[in-house]
Amino acid sequence: MPQETRPGVVIGVDIGTTSTKVVAYGTTGRELASHTAGYPLDDPQPGYAEQDPQVILDAVLISIRAVVAELSEPVAGLSFGSAMHSLIGLDADGVPLTRSVTWADARSSRQAERLRAVPSGLALHRRTGTPMHPMAPLPKLLWFAEQEPKLFERVAHWVGIKDWVLLRLCEVLVTDHSVASGTGLMDIHKLEWDSEALAIAGITEEQLPQLVSTTAVLPGLTPQAAAATGLPQRTPVVVGAGDGPLANLGLGAVRPGMVACSIGTSGAMRVMVERPGVDPLGGVFCYALTEDRWTVGGAINNGGIVLRWASEALAPDLGPHSEVELVALAARAPVGSGGLIMLPYLHSERAPHWSALPRGAYVGLTHGHRREHLVRAALEGVCQQLALVLSSVRAAGNEVREVRAGGGFARSGLWRQMLADVLGLPVSFPTGPEGSSFGAAMLGMQALGLIPSIDVACDLVRIEETVRPDPAAAATYAALLPLFAELYEALVPTFTSMRRLAPGLPTGLIQG
């Protein structure tokens with residue numbers, strides 16, 4: 001065991017979009033036990049993406065209890081991470097009046113566009129670190145104020161999903177600087193709620209949780225939470241951070257010039273910096289990890305979900321759970337998919353344009369293309385979109401020397417090579433795929449004094465493979481990237497017209 005660590009077990013709780021993953025780690029980074037509990041992402045109306053907070057709380061409690069039951073050592077503490085940008089309205093007793101409105105919810109698209117269009121929109125982005133996009137709580141609050149005014153007036157507190165879980169576990173209403181930096185409501189330079197943002201949203205500071213450091217330690221669990229988790233009531237609880245910054249920590253990408261790339265259902269590119277700030281054009285976000293560590297980057301809506309769509313729409317004959325067969329199909333098409341480009345905006349898009357307008361498109365389709373080309377173009381489109389995000393990270397003044405990648409896509413050899421080729425950089429893949437839960441545990445260990453600094457994560461993360469770009473493939477993708485980028489701008493008028501026409505167009509298949 002390294003001299004800088006001392007014995008202790010910390011449980012990292014990662015409250016994700018479709019599941020909660022709970023993992024217990026020792027201070028050497030060794031995984032001791034884990035449990036995952038899934039839950040649905042509901043879309044009761046077009047553009048909605050929401051969840052039942054109680055279902056997520058139950059998943060957290062069940063998963064913690066399952067992990068605790070496997071451990072033979074005492075638990076030094078719990079540390080939390082969660083998906084960012086969620087919003088829940090609570091009454092004065094902490095009972096939810098709304099469902100959890102997630103980052104994927106697009107109902108506030110028009111409110112976000114209004115915020116982006118005014119001169120103060122970019123200034124607000126630079127001050128809060130959060131793009132004016134429907135993913136963020138600020139436009140969500142505007143939507144509730146305009147569309148559900150009576151409900152809006154009844155809400156005593158507006159919180160995120162992690163805030164509410166901690167309220168139920170510890171009876172303390174707090175939010176960390178990391179999650180708060182993704183709301184569009186906190187001044188990232190002052191670490192205070194932004195008065196202009198609150199005025200725009202029509203809420204007061206008293207309606208928001210108390211701001212605390214990501215390493216803040218809550219005194220313990222309620223008797224009910226202790227009984228539900230199987231932990232002692234005095235167990236320290238570290239507030240933790242957002243899943244994006246924690247993924248950097250979990251991949252060991254904590255030093256300047258090291259970029260973390262993750263592709264799960266969605267995807268992201270992030271680099272760690274020591275001072276907050278965004279690029280002049282507002283192409284990136286800036287979210288906190290600690291007071292002196294910030295992640296600059298961008299997230300995309302369409303990652304592994306594009307592969308799932310391709311399986312259902314282009315190759316249903318392969319059956320469910322056919323990712324391996326589908327990737328093998330894509331491997332039969334050449335690099336560049338024979339000149340076929342796919343804009344993978346199946347669920348709109350975020351970085352680097354931060355607009356809810358775009359829709360997916362195939363461009364360059366000819367009679368010579370087959371479904372092999374269509375599938376490969378879909379995978380290439382995801383990687384090309386990440387390359388655009390990487391360009392924005394560089395435009396923000398950040399050096400990029402190394403890329404570390406994780407997520408479900410990393411199991412595919414083709415996609416690993418494709419990512420390296422499209423980025424034109426070597427990409428390293430750690431042995432463990434669970435970046436955010438490990439990051440939460442590492443942050444918790446620092447908060448509890450079990451490790452001297454989160455910098456040790458860089459040494460604890462073991463690299464399984466480093467994939468280097470193939471020069472010929474990299475040259476092909478470099479030539480195609482400007483075309484990929486131009487297509488978005490060229491199609492914005494079409495996207496606008498399509499959104500206007502969409503409500504009057506029939507949907508669904510004709511039965512018969």
Side-chain angles (χ1 to χ4, degrees), residues 11-23 25 34 36-39 41 49 51 56 59-60 63 78-87 100 102-105 129-130 135-137 159-166 175-183 214-215 238-254 259-272 285-290 293-301 303-305 350-351 404-410 430 432-444 454 457 461:
I11 296 177
V13 182
D14 177 26
I15 306 171
T17 304
T18 55
S19 67
T20 286
K21 176 97 176 183
V22 176
V23 189
Y25 294 96
S34 68
T36 301
Y39 32 76
L41 180 62
Q51 294 172 312
I56 295 177
V60 170
S63 297
L78 292 171
S79 185
F80 282 78
S82 73
M84 302 178 78
H85 314 302
S86 58
L87 183 69
S100 178
T102 72
W103 63 266
D105 195 283
T130 305
M135 68 176 184
V159 303
I161 185 61
K162 182 162 72 69
D163 310 334
W164 187 72
V165 168
L166 290 175
T175 193
D176 64 85
H177 292 144
S178 179
V179 167
S181 64
T183 62
T214 59
T215 53
V238 179
V239 175
D243 60 353
L246 287 175
N248 270 62
L249 179 54
L251 290 170
V254 294
V259 173
C261 173
S262 57
I263 308 180
T265 302
S266 56
M269 300 284 284
R270 299 169 302 268
V271 65
M272 199 77 73
F285 57 59
C286 182
Y287 301 148
L289 177 60
T290 62
R293 295 293 174 87
W294 299 76
T295 54
V296 170
I300 64 173
N301 284 357
I305 200 167
R350 284 184 281 175
R404 290 191 175 188
F409 93 104
E434 301 304 334
S436 295
S437 60
F438 183 54
M442 287 290 101
L443 189 65
I454 56 174
V461 174

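Fair warning: this is a prediction, and the values are worked out from it, not measured in the lab.
Here OG1 of Thr215 is found 9.5 Å from NE2 of His177. Values are rounded to the nearest 0.5 Å. With values rounded to the nearest 0.5 angstrom, Arg404 atom CZ is found 14.5 Å from Ser262 atom OG. For the atom pair NE2 (His85) and OG1 (Thr130), the distance works out to 6.5 Å, reported to the nearest 0.5 Å. Note: Leu87 CG to Trp164 CH2 = 14.0 Å, rounded to the nearest 0.5 Å. Remark: Leu249 CG to Asp243 CG distance equals 12.5 Å, nearest 0.5 Å.
Residues Ile263 and Gly304 approach most closely at CG2-N, 3.8 Å, considering heavy atoms. For the pair Ala241 and Leu289, the tightest heavy-atom approach, listed with the atom from each and the gap, is CB-CD1, 4.2 Å. Thr290 and Ile454 get closest at one heavy-atom pair: CG2-CD1, 4.5 Å. Of all the heavy atoms in Gly242 and Ser178, the pair that sits closest is N-OG, 2.9 Å. Annotation for Ala440 and Gly12: closest pair CB-CA, 4.2 Å, computed over non-hydrogen atoms. The two atoms that bring Pro137 and Gly182 nearest to each other are CD-O, 3.5 Å, heavy atoms only.
When side chains are defined from C-beta on, Asp14 does not count as touching Phe438, because their heavy atoms never get closer than 4.5 Å. Side-chain contact between Asp176 and Phe80 is absent, with no heavy-atom pair separated by less than 4.5 Å. Between Ile300 and Met269 there is no side-chain heavy-atom pair separated by less than 4.5 Å. Thr265 places none of its side-chain heavy atoms less than 4.5 Å from the side chain of Thr17. The closest side-chain heavy-atom distance from Arg293 to Pro245 is not below 4.5 Å. Within the 4.5 Å cutoff, no side-chain heavy atoms of Lys21 are placed close to those of Ser436. Looking at Thr20 and Val13, their side chains come closer than 4.5 Å, going by heavy atoms from C-beta outward. The closest side-chain heavy-atom distance from Trp103 to Arg350 is below 4.5 Å.
The main-chain N or O of Ala49 is found under 3.5 Å from a side-chain atom of Thr102 such that the two form a donor-acceptor pair. No donor-acceptor pair under 3.5 Å is formed between the side chain of Asn248 and the backbone N or O of Thr295. Judged by distance alone, the side chain of Ser19 and the main-chain N or O of Thr36 form no donor-acceptor pair under 3.5 Å. No donor-acceptor pair closer than 3.5 Å links the side chain of Ser86 to the backbone N or O of Ser100.
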Query - Residues Val22, Val60; criterion side-chain contact (heavy atoms from CB on, under 4.5 Å); working and verdict - result: CA-CA 8 Å; Val22 176; Val60 170; 5.7 Å; no
